Amino acid sequence: MSDGALNPGFHITPINRRRLENFRANRRGYWSLWLFVVIFLVTLFAEFIANDKPLLVRYDGAFYMPVLVNYPETTFGGDFETEAEYSDPEVAELIEEKGWIVWPLIPYSFDTVVLGLATPSPSPPTAQNWLGTDDQGRDVVARLIYGFRVSVLFGLILTIFSSIVGVAAGAWQGYFGGLTDLFFQRFMEIWGGMPQLFILIILASLFVPSFWLLLGILLLFSWMALVGVVRAEFLRGRNYTYVLAARALGVSNAKIMFKHILPNAMVATVTFMPFILNGAITSLTALDFLGLGLPPGSASLGELLNQGKANLQAPWLGISSFMVIAVMLSLLIFIGEGVRDAFDPRKTFRN
């Protein structure tokens, strides 16, 4: 039974079917995609895996979910109206007198300071802290989980915005050509010739760092990655016969650009996107490593890597953060290679 028979509303064109088969034929890229998706989905629910708040509390016949809702200590028979500190032995004892507590697999969040360590921070791996703690006594595993999520989400958002701006700029430049193309090319040559890293460092040091501010600063340069590819496709596509016919029939430029030429340009765009995502994550990690990235205390792989450099006597810091970054970037590279092969017309599927 064909895919169309299974779902009449869903149809895969022959060329897209060939691309899917080519992607599946690249076993390394195919399994890297699945592994990356699984890891990312797990980290999306980091609060349910690593948290200093219980997943579920039963007290006096009622159920509570501190991981989702903040409850004052008085809810559980305490004296204070402030949020309950569930790691406090007194609060835990009050709850267990009339119920029970279900903790996450890792009872620490990315900013939780672990108390009662047997050795000074950074402490080595133990049964309590699987990869030890950092120089501020925070659990390394929890920071890696949250740091992975922040890095990927930052990279995805930056990649999406960069692609939108880059595709729009390349389409406008390539379709209209002439003086538009000439002036825009000169602007890109000047803008692209600036020392990007130094400008990013200066801007990041002038303003109070935040997730969205850092995203905007990196977007100033990352949008240029796709302009050249899209421009070339539009310069070629604007002279196709069907485009000239559509223009002669009075079809608007916007409709010709986004309905007739853009689908062809998106092939090259999709091929480059995993590599752009890789570069976005690397940029964030580099700025965090230099101390110019996310605000202090944020879950950051680059900051943890910097701690490894500063604490050579604690090799678990550098090794764990390096391995997470290396695996993440390697998976994205393998996915990018698989997508590239899938859209390559010279590649054919082989059983």
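Nothing here was measured: the structure is a model prediction, and the numbers come from that model.
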Exercise for review: Report the hydrophobic cluster partners of L182, with the cluster defined as I, L, V, M, F, W, Y residues connected by side-chain heavy atoms closer than 4.5 angstrom, directly or transitively.
Suggested key: L179, F183
Practice item. Could you tell me whether the side chain of Y59 and the main chain of I101 form a donor-acceptor pair under 3.5 Å? Key: no
Review point. Do L235 and R238 come within less than 4.5 Å of each other through their side chains, counting heavy atoms only?
Key: yes
Check your understanding: Considering all heavy atoms of both residues, which atom of P104 and which atom of F48 are nearest to each other, and what is their separation?
Key -> CB-O, 3.9 Å
Review point. How about Q128 and V114: do any of their side-chain heavy atoms sit closer than 4.5 Å?
Key: yes
Review point. Is a side-chain N or O of R143 found less than 3.5 angstrom from the main chain of F110, in a donor-acceptor match?
Key: yes
Point to revise | Under 3.5 Å donor-acceptor, N311 side chain and A314 backbone | key: no
Practice item. Sequence neighbours left out, what pairs pass ring-ring contact (aromatic ring centres under 6.0 Å, His included) with at least one residue falling in residues 240-263? Key: Y240-Y242
Practice item. Decide yes or no on side-chain contact (heavy atoms from CB on, under 4.5 Å) for S298 and V150, but give the supporting numbers first. Key: CA-CA 9 Å; S298 302; V150 170; over 6 Å; no
**Study point:** Exceeds 12 heavy-atom contacts within 6.0 angstrom, atom CZ of F272
**Key:** no
**Study point:** Side chain to side chain, E233 and I261, heavy atoms closer than 4.5 Å
**Key:** no
Exercise for review: Please lay out, stage by stage, how N51 and S109 fare under the test side-chain contact (heavy atoms from CB on, under 4.5 Å).
Suggested key: CA-CA 4 Å; N51 207 327; S109 186; 4.3 Å; yes
**Study point:** Straight-line distance of T180 OG1 to Q173 CD, nearest 0.5 Å
**Key:** 9.0 Å
Point to revise | Which residues share a ring pair (Phe, Tyr, Trp, His ring centres under 6.0 Å) with F322, sequence neighbours left out | key: none
**Study point:** Of all pairs that satisfy side-chain hydrogen bond (donor to acceptor under 3.5 Å, both in side chains), the ones with a partner from residues 284-297, not counting sequence neighbours
**Key:** D288-S300
Practice item. Treat each ILVMFWY residue as a node, draw an edge where side-chain heavy atoms are under 4.5 Å apart, and state whether M65 and V102 are in one component. Key: yes
Practice item. Enter the distance from I281:CD1 to L332:CG here, rounded to the nearest 0.5 Å. Key: 5.0 Å
Check your understanding: Would one find more than 12 heavy atoms of other residues, nucleotides or ligands at under 6.0 Å from atom CE of M194?
Key -> yes
Practice item. Return the set of residues passing ring pair (Phe, Tyr, Trp, His ring centres under 6.0 Å) with F23 (not counting sequence neighbours), or none when no residue passes. Key: none
Study note, to complete from the structure: When every non-hydrogen atom of M328 is compared with those of L301, the smallest separation belongs to CE-CD1, 3.5 Å
Side-chain donor-acceptor contacts of residues 84-96 below 3.5 Å, not counting sequence neighbours, with atom names and distances?
unit_1	atom_1	unit_2	atom_2	d
D88	OD1	E90	N	3.1

**Study point:** Sub-4.5 Å side-chain heavy-atom contact between M188 and R231
**Key:** no
Check your understanding: Any side-chain heavy atom of L294 within less than 4.5 Å of one from L284?
Key -> yes
Check your understanding: How far does CD1 of I335 sit from CG of N26, to the nearest 0.5 angstrom?
Key -> 10.5 Å
Review point. S123 side chain to P120 main-chain N or O, any donor-acceptor pair under 3.5 Å?
Key: no
**Study point:** Close side-chain approach of F234 to L262, heavy-atom, < 4.5 Å
**Key:** yes
Review point. Do you know the tightest heavy-atom contact between Y175 and N253?
Key: OH-OD1, 2.9 Å
Review point. Which pairs count as side-chain hydrogen bond (donor to acceptor under 3.5 Å, both in side chains) when at least one residue sits in residues 144-164, sequence neighbours excluded?
Key: E47-R149, S162-S222
Check your understanding: Which atoms form the tightest heavy-atom contact between P122 and L317, and what is the distance?
Key -> CB-CD1, 4.0 Å
Practice item. May I ask you to check whether F221 and W191 place their ring centers less than 6.0 Å from one another? Key: yes
**Study point:** Polar side-chain atom of S210 near backbone of L213 as donor-acceptor pair, under 3.5 Å
**Key:** yes
Check your understanding: Rounded to the nearest 0.5 Å, how far does CG of D135 lie from CG of L304?
Key -> 9.0 Å
Point to revise | Evaluation steps, side-chain contact (heavy atoms from CB on, under 4.5 Å), between L215 and F154 | key: CA-CA 7 Å; L215 189 72; F154 184 92; 3.9 Å; yes
Check your understanding: Are F45 and L55 grouped together when hydrophobic residues (ILVMFWY) are joined by side-chain heavy atoms under 4.5 angstrom apart?
Key -> yes
Review point. Do L56 and F76 belong to the same hydrophobic cluster, where Ile, Leu, Val, Met, Phe, Trp and Tyr are linked whenever their side-chain heavy atoms lie under 4.5 Å apart, directly or via other members?
Key: yes
Review point. Between F198 and L214, is there a shared hydrophobic cluster once you connect ILVMFWY residues whose side-chain heavy atoms come closer than 4.5 Å?
Key: no
Revision key, fill the gap. Residue pairs passing the ring-ring contact (aromatic ring centres under 6.0 Å, His included) test with at least one member in residues 117-136, sequence neighbours excluded, are none
Point to revise | Any donor-acceptor N/O pair, R58 side chain to G99 backbone, under 3.5 Å | key: no
Review point. How about D139 and N129: does a side-chain donor come under 3.5 Å of a side-chain acceptor?
Key: yes
Practice item. Please assess I199 against L220 for the test side-chain contact (heavy atoms from CB on, under 4.5 Å), listing each intermediate value before the final yes or no. Key: CA-CA 10 Å; I199 293 177; L220 291 175; 5.8 Å; no
Show which side-chain atoms of residues 30-38 pair as donor or acceptor with protein atoms under 3.5 Å away, not counting sequence neighbours.
unit_1	atom_1	unit_2	atom_2	d
Y30	OH	W34	NE1	3.3
S32	OG	R28	O	2.6

Point to revise | Whether over 12 other heavy atoms sit under 6.0 Å from F80 CZ | key: no
Review point. Got V152 and I39 here, is their nearest side-chain heavy-atom distance under 4.5 Å?
Key: no
Review point. Which heavy-atom pair separates G336 from F275 by the least distance, and what is that distance?
Key: C-CZ, 3.6 Å
Study note, to complete from the structure: d(L277 CG, I333 CD1) to nearest 0.5 Å is 10.0 Å
Practice item. Starting at CZ of R138, measure out to OG1 of T112 and round the result to the nearest 0.5 Å. Key: 10.0 Å
Check your understanding: Going by side-chain heavy atoms closer than 4.5 Å, which hydrophobic residues are tied to L244, directly or by a chain of links?
Key -> none
Point to revise | Nearest atoms (heavy-atom pairs only) where T133 meets S121 | key: OG1-OG, 4.0 Å
**Study point:** Hphob cluster co-occupancy, L312 + F289, side-chain heavy atoms under 4.5 angstrom
**Key:** no
Exercise for review: Find out whether I145 and I106 are in side-chain contact, i.e. whether some heavy atom of one side chain is under 4.5 Å from a heavy atom of the other.
Suggested key: yes
Study note, to complete from the structure: Residues passing the ring pair (Phe, Tyr, Trp, His ring centres under 6.0 Å) test with W172, sequence neighbours excluded, are F176
Review point. For S330, what residues pass the side-chain contact (heavy atoms from CB on, under 4.5 Å) criterion, not counting sequence neighbours?
Key: F334
Review point. Stepwise, does the salt bridge (Lys or Arg N to Asp or Glu O under 4.0 Å) test hold for R186 with E189?
Key: CA-CA 5 Å; R186 302 293 82 76; E189 290 171 1; 2.6 Å; yes
